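Remarks on the structure that follows.
Quantities reported herein were computed from a predicted structural model and do not represent experimental measurements. Per chain, numbering begins at 1; letters A, B, ... match sequence-line order.
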2 protein chains.
Amino acid sequence: MADFTDDLPGEDLIPLLKALAEPNRLRIFAELMHGNSCNGKLQEKLGLPANLLSHHLQVLSKAGLVTSRRDVIDGRWIYYSLNQDIVMRWHDWFAFFLDPARIKERPFCGPEGNCGEEIPLTALTLDAR
Amino acid sequence: MADFTDDLPGEDLIPLLKALAEPNRLRIFAELMHGNSCNGKLQEKLGLPANLLSHHLQVLSKAGLVTSRRDVIDGRWIYYSLNQDIVMRWHDWFAFFLDPARIKERPFCGPEGNCGEEIPLTALTLDAR
DNA sequence: ATAGTATTTCAATATTAATTGAATCAGTGA
DNA sequence: TCACTGATTCAATTAATATTGAAATACTAT
């Protein structure tokens, strides 16, 4: 697995998250997890108009998640499938990024934690008495 | 780990994805992975105005990612931290949802795959000869 | 009470993105 | 060429969201 030493997410993270953060696109993605499909088939399965599907598929493609190719017999058909390498890459990245073990315990930054800029002596001395 | 037999994501998935799909909120989230913080501290760290931070923190809260509490000494300070249980839950869910091993190989749905509604006999017989 | 601080809420604007209908493109078959 | 099909592109509208400045809240300290 790649090492994710850097916290800052790469250039393509926001497009990916935005691609998935839309209900119809999430449904398309989930459908493509079940195998490749085409515009017409997605119209049946998801009940969306062709042009809207085309738009969402383009967003998913620009996010790198989806690849397309034409049918070799009848070039009118275009097949869409998930890019397995990219899915794997984000799978690994999310496993790192959302790892609860990475959540640090940091002393609270205000008076209570005694690490604000202005040290609240009064509160502390009052507490100490 | 929970079992994610159902493909369809729950009610709260879209809010979660939308919460993370915004650059400033993603930065806030990443910062909170380093430990709790408060509005003032986040202003320093991220260079965002207080009211904007307040808004984004509310979005993260409504997505269930962030919890808040007031300082017990000086109630003007409000501390924000990540909800570890929720982060864990999404960590596990993404591990399932983006698992490349789940991507199925499905025969192509058009003439090439011979699984369209109209069976392209001509193409197949031509191929068989 | 008064002033001051940390934060939120409100109202308005600006920006971005989803949806829709019509038109167009690309490919097939006669 | 012509008609037909699967799919995309375009232009316009609508809806959702980020951002901004001003006002308000909640709390503390004097």
Report the distance from atom [atom1] of [X] to atom [atom2] of [N], rounded to the nearest whole Å.
X	N	atom1	atom2	value
B:Asn39	C:dT9	CG	P	11 Å
B:Leu20	D:dA18	CG	C1'	16 Å
B:Leu53	C:dT9	CG	C1'	15 Å
B:Phe108	D:dG6	CZ	C1'	17 Å
B:Trp77	D:dA29	CH2	P	12 Å

For this session: Taking only the side-chain nitrogens and oxygens of A:Gln58, find out if one of them lies under 4.0 Å from OP1 or OP2 of D:dT9.
Result: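 Yes, A:Gln58 has a side-chain N/O under 4.0 Å of OP1/OP2 on D:dT9.
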
For this session: Before accepting this row, confirm whether a basic side-chain N of the pair A:Lys62/A:Asp12 lies closer than 4.0 Å to the acidic partner's carboxylate O.
Result: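 No.
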
Is there a donor-acceptor pair under 3.5 Å between the side chain of [X] and the backbone N or O of [Y]?
X	Y	value
A:His91	B:Ala95	yes
A:Tyr79	B:Gly110	yes
B:Ser54	B:Ala50	no

Problem set entry | Residue pairs involving residues 66-81 of chain A (criterion salt bridge (charged side-chain N to carboxylate O under 4.0 Å, His left out); sequence neighbours excluded) |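 The answer is A:Arg69-B:Glu112, A:Asp74-A:Arg76.
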
Exercise. Can you list every salt bridge (charged side-chain N to carboxylate O under 4.0 Å, His left out) pair that touches residues 16-34 of chain A, not counting sequence neighbours?
Worked result: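 The answer is A:Glu31-A:Lys45, A:Glu31-B:Arg106.
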
Seminar exercise, completed: With sugar-phosphate taken as primed atoms, P, OP1 and OP2 and all else as base, the protein-contact string of nucleotides 16-28 of chain C at under 4.0 Å (heavy atoms; B, S, -) is -SSBBBB---SBS

